[in-house]
Amino acid sequence: MSLTAQIKDFSQKLGFNLIGIVPAEPSQTIDRYERWLECGYGGEMRYLERHSPLKQNVRNLLPEAKSIITLGFNYYTIDPPDSLARDSSRGQISRYAWGTDYHDIIQKKLRRVAQFIKAAAQEHVKSRVFVDSGPILEREYAQKSGIGWIGKNTNLINWQSGSWYFLAELLVSVALDYDYLPPRGDCGTCTLCIDACPTDAIISPNLLDSRLCISYLTIELKGSIPQNLRPQMGNLIFGCDICQEVCPWNSKAKPTRERGFYPRKGNLAPKLISLINMTQEEFSKRFKNSPIKRAKRKGFLRNVAVALGNWKSRTAVPALKIALNDDEPLVRAHAAWALGQINVKSAKTALRERLKVESKTEVIDEINDALCVS
């Protein structure tokens, strides 16, 4: 068995469902990526601009690199009951964040693959591993290796099993057998993902404006969510799966064997009212080793407040009154908006009382806007 075949066999045994290998060559899509940044589609993700020079060539990351091993790890688990998915009193969390942080799980497996290669190769091998966070245009190399194509929703799609995959890369300083077959399948004339996006973030096939994407709004955006986009967010409190859920190719998805990606207790459609007044200690304990910690407490509670406003139930008023006095201005501001959306006498009273003592301009503006709702 060749070294390449051994690597693929070992990787599959560790749970990597998709594996392709290509030469460590410069990016062929870097110009398009930089134009995307110039258009402002990256929003406030300034690190994308800082990392852009590194993404021009993977040898900026590992000068000795000869091969790129591209891998996909399935994270599809279960489909929530319709009764939970449609319940506006509950928050929706993106599937990838239901369980343990995928960075931790996959990086450990990648390091095992790297160790295997070093032991099996007949030469000294240098390597670097990346899971999502590295400055590498991973979908380009994944598509080039034939494990999938980049769909109209900008996700990598595999013709056999869809797009519920974490992508990972392993750069190695050894030449391997390369996969040159073009990816099988395509999106054809289907536009379901484009049509289903609540905020019209997919502005044309394969072109996403992050500033409109609910995943960006609930995770990457650190400040206030634009008021005009809040109603379209529904009860999505961390990430968004809509463009994947409507994709016909995902009808072929099969559950992952990795138990770490299955829903933790409380992560499958949690009750919004139970979340809005979490302390920092409670937040840290509940979401330890979870992707949700990326939003931080204030960002997460901001998202929960928006979802409560979209629920529009007077049941939420007592909890939002407490949030209106939160230490974080960001939380107070979005709680004010939510109370304005509910628009009942008790909500208006709470807003007027807070206005008497509020000192932050951004919160005062939100309260005044909320009081003007009729």
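None of the values given here were measured: they were computed from a predicted structure.
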Peer 1: Decide whether E353 and T349 meet the rule of one side-chain donor and one side-chain acceptor closer than 3.5 Å.
Peer 2: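 Checked: E353/T349 side chains show no N/O donor-acceptor pair below 3.5 Å.
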
Peer 1: Report yes or no: is the cationic atom of R50 (NZ for Lys, CZ for Arg) under 6.0 Å from the centre of the six-membered ring of Y47, at an angle within 45° of the ring normal?
Peer 2: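 No - R50 does not lie over the ring of Y47 by the 6.0 Å and 45° rule.
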
Peer 1: Which residues, ordered by chain and number, are linked to I322 in its hydrophobic cluster, where ILVMFWY side chains connect at heavy-atom gaps below 4.5 Å, directly or through other members?
Peer 2: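 Taking Ile, Leu, Val, Met, Phe, Trp and Tyr as members, I322 stands alone, with no cluster partners.
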
Peer 1: According to salt bridge (charged side-chain N to carboxylate O under 4.0 Å, His left out), who are the partners of R354, at least two apart in sequence or on a separate chain?
Peer 2: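 R354 satisfies salt bridge (charged side-chain N to carboxylate O under 4.0 Å, His left out) with E358 only.
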
Peer 1: Can you label the angle between the Y96 ring and the F238 ring as parallel, tilted or perpendicular, going by 30° and 60°?
Peer 2: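 Ring orientation, 0 to 90° scale: tilted.
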
Peer 1: I'd like to check the ring-ring contact (aromatic ring centres under 6.0 Å, His included) partners of W249; sequence neighbours left out, ordered by chain and number.
Peer 2: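 ring-ring contact (aromatic ring centres under 6.0 Å, His included) list for W249, sorted by chain: W149.
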
Peer 1: Using side-chain contact (heavy atoms from CB on, under 4.5 Å) as the criterion, list what pairs up with A333, not counting sequence neighbours.
Peer 2: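 side-chain contact (heavy atoms from CB on, under 4.5 Å) check on A333 returns V363, E366.
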
Peer 1: On the six-membered ring of W98, is R264 placed so that its NZ or CZ lies under 6.0 angstrom from the centre and within 45° of the ring axis?
Peer 2: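 Checked: cation-pi criterion not met.
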
Peer 1: How would you list, by chain and number, every residue that makes a ring-ring contact (aromatic ring centres under 6.0 Å, His included) with F116, sequence neighbours excluded?
Peer 2: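 Counting only residues at least two positions away or on another chain, F116 forms a ring-ring contact (aromatic ring centres under 6.0 Å, His included) with F10.
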
Peer 1: Does a donor on one side chain and an acceptor on the other come within less than 3.5 Å for K348 and N343?
Peer 2: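 Checked: K348/N343 side chains pair up, N/O donor to acceptor below 3.5 Å.
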
Peer 1: Among all residues two or more places apart in sequence or in another chain, which pass the ring-ring contact (aromatic ring centres under 6.0 Å, His included) test with F287?
Peer 2: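 Counting only residues at least two positions away or on another chain, F287 forms a ring-ring contact (aromatic ring centres under 6.0 Å, His included) with F283, F300.
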
Peer 1: Indicate the atoms forming the closest heavy-atom contact of L308 with A316, along with that distance.
Peer 2: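 Shortest heavy-atom separation between L308 and A316 comes out as CD2-CB, 3.8 Å.
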
Peer 1: Identify whether the distance between the nearest side-chain nitrogen and carboxylate oxygen of D177 and K8 falls below 4.0 Å.
Peer 2: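 Looking at K8 together with D177, the answer is no, because their closest N to O distance does not fall below 4.0 Å.
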
Peer 1: With a 3.5 Å cut-off and no angle check, do the side chains of E140 and S27 form a donor-acceptor pair?
Peer 2: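 Present: a donor and an acceptor within the cut-off.
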
